[in-house]
Amino acid sequence: MTPFMTRVAEFVGTPEDEVPQLAERRSTLPETRISRRVATGTGADRHVALRSLAEQYVCEANAVLGADHDHLDLVDEPLPDELAFTVTFKDHGARCSTTFVDGRAFGRLVGDLFDEEEARELEGPDALPDLLVQLMEAGMEASPTTSAT
């Protein structure tokens with residue numbers, strides 16, 4: 001079990017004897033930074049790395065959530081000058097995008113959990129687990145029952 005899976009197991013209340021080692025409880029606020037224009041290659045590389053890691057974490061979380069809980073979803077958006085994906089849990093979501101204009105890339109994080117006026121993006125891949133746990137927390141707080149049938 002990965003550290004992120006252990007963290008999700010702790011979050012959903014998996015009995016301690018079923019979790020190899022409980023993760024250290026940390027803040028679930030994902031670190032973000034003010035978005036800045038970067039070279040197209042740098043922006044594309046960052047986005048693809050973040051998207052790949054998001055898929056891995058969503059799969060890991062869903063494996064732990066099992067049939068007893070709602071699952072995270074990840075949806076890609078094919079757009080002409082933008083790479084984007086959205087991760088959702090119940091009614092909450094976060095959209096990570098990178099737009100490409102005039103040889104520059106611009107990353108942005110948007111979602112109902114963020115109310116910043118200035119465009120922001122995740123600080124880096126290490127902030128992704130916190131983002132996903134924050135989505136799950138918001139979803140559980142809004143409706144603690146599961147949709148599993």
For this session: Evaluate salt bridge (charged side-chain N to carboxylate O under 4.0 Å, His left out) for Glu82 paired with Arg95, printing each intermediate quantity in order.
Result: CA-CA 12 Å; Glu82 183 178 21; Arg95 182 177 189 266; 3.2 Å; yes
For this session: For Phe11 and Met140, run side chain to side chain contact (heavy atoms under 4.5 Å, CB included): C-alpha distance rounded to whole Å, both residues' side-chain angles, the deciding distance at 0.1 Å, then the answer.
Result: CA-CA 10 Å; Phe11 172 73; Met140 292 290 195; 3.7 Å; yes
Exercise. Taking it one step at a time, do Leu83 and Arg51 satisfy side chain to side chain contact (heavy atoms under 4.5 Å, CB included)?
Worked result: CA-CA 9 Å; Leu83 296 172; Arg51 164 59 181 83; over 6 Å; no
Exercise. Is there a side chain to side chain contact (heavy atoms under 4.5 Å, CB included) between Thr99 and Arg108 once you walk through the steps?
Worked result: CA-CA 8 Å; Thr99 55; Arg108 187 166 194 171; over 6 Å; no
Exercise. Could you walk me through whether Val64 and His69 pass the side chain to side chain contact (heavy atoms under 4.5 Å, CB included) check?
Worked result: CA-CA 9 Å; Val64 173; His69 300 279; over 6 Å; no
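Between Val58 and Leu74, the shortest heavy-atom distance links the atoms CG2-CD1, 4.1 Å. What you find for Ala138 and Leu113 is that their closest heavy atoms are CB-CD2, 3.7 Å. Across all non-hydrogen atoms, the minimal contact from Asp70 to Phe89 is O-CE1, 3.3 Å. Annotation for Leu53 and Leu128: closest pair C-CD2, 3.8 Å, computed over non-hydrogen atoms. Nearest approach of Ala94 to Leu109, heavy atoms of both residues: CB-CD1, 4.1 Å. Closest approach of Ala105 to Thr98, counting heavy atoms only: CB-CG2, 3.8 Å.
Applying the ring pair (Phe, Tyr, Trp, His ring centres under 6.0 Å) criterion to Tyr57, with sequence neighbours excluded, gives Phe4. The ring pair (Phe, Tyr, Trp, His ring centres under 6.0 Å) search around Phe106 returns none, not counting sequence neighbours.
Atoms OG1 and CG, on Thr88 and Leu135 in that order, are 8.0 Å from each other to the nearest 0.5 Å. The structure places CE of Met136 at 9.5 Å from CG of Leu131, a figure rounded to the nearest 0.5 Å. Atom CG of Asp73 is separated from atom NZ of Lys90 by 12.5 Å, given to the nearest 0.5 angstrom. With values rounded to the nearest 0.5 angstrom, Glu60 atom CD is found 11.5 Å from Leu65 atom CG. To the nearest 0.5 Å, atom CD of residue Glu77 and atom OG of residue Ser97 are 8.0 Å apart. Rounded to the nearest 0.5 Å, atoms CZ (Arg46) and SG (Cys96) are 13.5 Å apart.
By the criterion of side-chain heavy atoms lying less than 4.5 angstrom apart, applied directly or through intervening Ile, Leu, Val, Met, Phe, Trp or Tyr residues, Phe114 is grouped together with Phe85 in one hydrophobic cluster.
For residues 31-43, the set of pairs meeting the side-chain hydrogen bond (donor to acceptor under 3.5 Å, both in side chains) definition, not counting sequence neighbours, comprises Thr32-Arg120, Arg33-Glu121.
The pair Arg7-Asp130 counts as a salt bridge, with a side-chain nitrogen and a carboxylate oxygen less than 4.0 angstrom apart.
Counting only distance, with no hydrogens or angles, the side chain of Asp112 and the backbone of Gly93 share a donor-acceptor pair below 3.5 Å.
A 4.5 Å side-chain heavy-atom check between Val48 and Ser52 finds at least one atom pair inside the cut-off.
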